[in-house]
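Sequence lines set the chain letters: A, B, ... in the order given, protein chains first and strands last, and positions in each chain run from 1.
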Amino acid sequence: MKIQAVRGTRDILPDEIPTWQVLEEAAQRLLGRYGYREIRTPAFEETELFARGIGAETDIVSKEMYTFDDRDGSSLTLRPEATAGIVRAVIEHNLMNTDPALKVYGLGPMFRRERPQKGRYRQFHQLDVEAFGFTSPTIDAEIVELAIAYLEACGVEQHELILNSVGDGRCRPGYVEVLRKALRERASEMCGDCQRRIETNPLRVLDCKVPADQAIVDQLPRFVDHLCPECRDHFGEVRRQLEVLGIAYRLNHRLVRGLDYYVRTTFEVLSGELGAQNSVLGGGRYDGLVRDLGGPDVAGTGFAVGLERLALLLPPGEGQSRCDVFLAPLAGAALDPALLLQRDLRRAGVRTMLDPEGRSFKSRMKQADKLGARLVAILGEDEMKRGVWTVRDMARSEQEDVPEGQILDHLKEKTNG
RNA sequence: GUGGGUGUAGCUCAGCUCGGUUAGAGCGCCAGGUUGUGGCCCUGGAGGCCGCGGGUUCGAAUCCCGUCACUCACCCCA
């Protein structure tokens, strides 16, 4: 039996790493400018945290979690999303006390036991951005603007922002009833899943993908028309500010999102290049969550980006140079000076390699070429007699003699420019 | 959990329909074509339980059954 990566997991091989570093460095650079600081929370938590935070009825909690019993009998779960764990840490360390306007982000692996497909893995990585303690629509708009800025900083050009409001505790129950009543009248025309959802979770009917159902959904009452005055004003101001900021969006009243904790603003960024998993980023407001998890009643807003999906949108990284100077000691007595020169160059910050196997000169030239070395420094019988190194510029195909006393400085200078 | 597609060299794939000598190509890798010089070109080489198990047959990569994996889609989501 061959051992291979677990279903739904994958290796990120060295060739792909530059792409991932682009995503990670862009996050660090950009989020700092907006005042966010990184937070790192454990990859697993008590199961109860997710059951309470995400909603026991959601698919994630009811059938997609990696849950196991610890030896003392407590139930633990690999985190299926980041927000619950971050909220737990915020509460546990009373971060809101010292910083009533808290901006944090997290980056790391999440785990969901779903059937894998394009852009969906059982272990996947998310960048999660969370702002606590801000109630005003200005932070909603800022979060959306930040999300778009991040995608663009990563080099994503083709994207579509969709936006909706799902109301709050005051107006949502009313709308759900209006919706359910309307749905019951059309129930016989809808798919089996939807007929069931009319009673269990009518909002989910809205994003049903069955074409016939979508036609019906388009005729249903819309949430935006049933918002309470506060939610309506809030949403109106979010939209106004997005327009001020020049951010194009499309209203989509079917956007309800899968996690129970969202209120008011919800948004998602789609890309056509991801197959069926076309959502690359999603977020919104979750004002009750911190309170529900036992913390102070503070507002929350944020988003999560799927990094595997984001990586799919970027062009494959081209082969990068891995070496500045390649040393080629040809004579036996040339090895020691080459080892010393290699050590000194590396300490000076110059990427330096040689062929420890001591293969043919031609082979070493090929290696230097493949590694992308700009310079090859050759030390053979002839050079040793004359007290010089031959330094070859690979791109120009030119070479020159450099006295051995100057070789270190010469190579340092040539590679720093 | 449910459907479809695909499993042959490190990678991309041909061969399978109409079973038949040592299973192929391109790329990649290694070596050589120079007396100490990369890319281009040429030559050679290494590398395959033809996913796995069973069946049919004189004979199976090829036909049949099962199984596992990958993949796309449904569900749901980043």
Whole angstrom value for the distance that separates C1' of G38(B) from CZ of F361(A): 9 Å

To the nearest Å, give me how far apart CD (Q123(A)) and P (A78(B)) are. 17 Å

Toward the 5' end of RNA chain B, which comes first, L330(A) or Y121(A), by nearest nucleotide? L330(A)

For C72(B) and Q117(A) - does any side-chain N or O of the residue sit under 4.0 Å from the phosphate oxygens OP1/OP2? no

Between A31(B), A73(B), C29(B), which nucleotide has the shortest distance from any of its atoms to the side chain of A276(A)? A73(B)

Can you name the one residue among L107(A), V269(A), L151(A), V129(A) that meets side-chain contact (heavy atoms from CB on, under 4.5 Å) with V305(A)? L151(A)

Distance check, P atoms only: G4(B) and C65(B), in whole angstrom units. 14 Å

Report the C-alpha separation of R112(A) and Y121(A) in whole Å, then their side-chain angles, then the decisive distance to 0.1 Å, and conclude whether the side chain to side chain donor-acceptor pair (under 3.5 Å) test is met. CA-CA 8 Å; R112(A) 287 183 205 169; Y121(A) 303 94; over 6 Å; no

Atom C1', compared across C11(B) and C70(B): separation rounded to whole Å: 16 Å

Stem regions touching RNA chain B, defined by at least 3 consecutive Watson-Crick or wobble G-U pairs below 3.5 angstrom: B:1-7 with B:68-74, B:10-13 with B:24-27, B:29-33 with B:41-45, B:51-55 with B:63-67

Centre of F361(A)'s six-membered ring, under 6.0 Å away, within 45 degrees of the axis: is that where NZ or CZ of K366(A) sits? no

In whole angstrom, give me the gap between the P atoms of G47(B) and G5(B). 36 Å

Strictly below 4.0 Å, N to O, side chains only: are E45(A) and R88(A) in salt-bridge contact? yes

Contact class for A304(A) vs. all strands (heavy atom < 4.0 Å): base, sugar-phosphate, or nothing? sugar-phosphate

Salt bridge (charged side-chain N to carboxylate O under 4.0 Å, His left out) partners of E16(A), counting only residues at least two apart: R10(A)

With rounding to whole Å, what would you report as the distance between C52(B) and C27(B) at their P atoms? 28 Å

R364(A) with E357(A): basic N within carboxylate O range, under 4.0 Å: no

Check whether any side-chain heavy atom of L163(A) sits under 4.5 Å from a side-chain heavy atom of R250(A), and report yes or no. no

Inter-nucleotide C1' distance (G39(B), A23(B)), Å rounded: 33 Å

Step by step, work out the side chain to side chain contact (heavy atoms under 4.5 Å, CB included) result for T77(A) and F44(A). CA-CA 5 Å; T77(A) 294; F44(A) 58 93; over 6 Å; no

Short side-chain N/O contact from S363(A) to OP1 or OP2 of C30(B), under 4.0 Å: no

Any N/O pairs under 3.5 Å between the protein and nucleotides 39-42 of chain B? List them or say none.
| residue | atom | partner | partner atom | Å |
| --- | --- | --- | --- | --- |
| G39(B) | O4' | D369(A) | OD2 | 3.3 |
| G39(B) | O6 | S397(A) | OG | 2.7 |

Any donor and acceptor pair, going by atom type alone, linking the side chain of T47(A) with main-chain N or O of S75(A) inside 3.5 Å? yes

List in chain and number order the residues that pass salt bridge (charged side-chain N to carboxylate O under 4.0 Å, His left out) with E38(A), two or more places apart in sequence or in another chain; answer none if no residue qualifies. R40(A)

Say you pick atom C1' in G53(B) and the same atom in G26(B); how far apart are they, in whole Å? 33 Å

Answer with base, sugar-phosphate or nothing: what part of the nucleic acid does D382(A) contact at a heavy-atom distance below 4.0 Å? base

Using a cutoff of under 3.5 Å, can you pull out all pairs of nitrogen or oxygen atoms linking the protein to nucleotides 45-49 of chain B, with atom names and distances?
none

Need one value for Q399(A): base, sugar-phosphate or nothing, where a base atom within 4.0 Å counts as base even if backbone is also close, heavy atoms only. base

Taking atom C1' of C30(B) as reference, at what distance in whole Å does atom CZ of R364(A) sit? 16 Å

Which nucleotide sits closest to the side chain of F124(A): C29(B), G36(B), A78(B)? A78(B)

Which listed nucleotide (A31(B), U37(B), C75(B)) is nearest to the side chain of Q277(A)? C75(B)

Could you state the CZ-C1' distance from R122(A) to A78(B), rounded to the nearest angstrom? 16 Å

Closest to the K63(A) side chain: G32(B), C75(B), G36(B)? C75(B)

Could you go through nucleotides 1-6 of chain B and list every protein N or O atom that sits under 3.5 Å from one of its N or O atoms, giving the distance for each pair?
| residue | atom | partner | partner atom | Å |
| --- | --- | --- | --- | --- |
| U2(B) | O4 | R115(A) | NH1 | 2.3 |

Which part of the nucleic acid, if any, lies within reach of I378(A) when heavy atoms closer than 4.0 Å are counted: base, sugar-phosphate only, or nothing? base

Applying a 4.0 Å non-hydrogen cut-off, can you work out what G119(A) is touching in the nucleic acid: base, sugar-phosphate, or nothing? base

Please pick, from G36(B), A78(B), C30(B), the nucleotide with the shortest atom-to-atom distance to any side-chain atom of E383(A). G36(B)

Output the rounded distance in Å from CG (L107(A)) to P (A78(B)). 16 Å

Within the structure provided, determine whether R386(A) and D401(A) are in side-chain contact (heavy-atom separation under 4.5 Å). yes

Between C29(B) atom P and R359(A) atom CZ, what is the distance in whole Å? 12 Å

Is it true that E177(A) and K181(A) make a salt bridge, defined as a side-chain N closer than 4.0 Å to a carboxylate O? no

Pick the C1' atom in C63(B) and in C13(B), then give their distance to the nearest Å. 23 Å

Would you check if the distance from the ring center of W20(A) to the ring center of H125(A) is below 6.0 Å? yes

Determine whether the aromatic ring centres of Y175(A) and F223(A) lie less than 6.0 Å apart. yes

Quick check for you: among G38(B), A31(B), A78(B), whose closest atom lies nearest to any side-chain atom of M365(A)? G38(B)

Pick the C1' atom in C16(B) and in U8(B), then give their distance to the nearest Å. 11 Å

In whole angstrom, give the distance that lies between atom CG of L379(A) and atom C1' of U37(B). 15 Å

Check: L255(A) main-chain N/O paired with N164(A) side-chain donor or acceptor under 3.5 Å: yes

Test: R264(A) cationic atom under 6.0 Å from Y262(A) six-membered ring centre, within 45° of axis: no

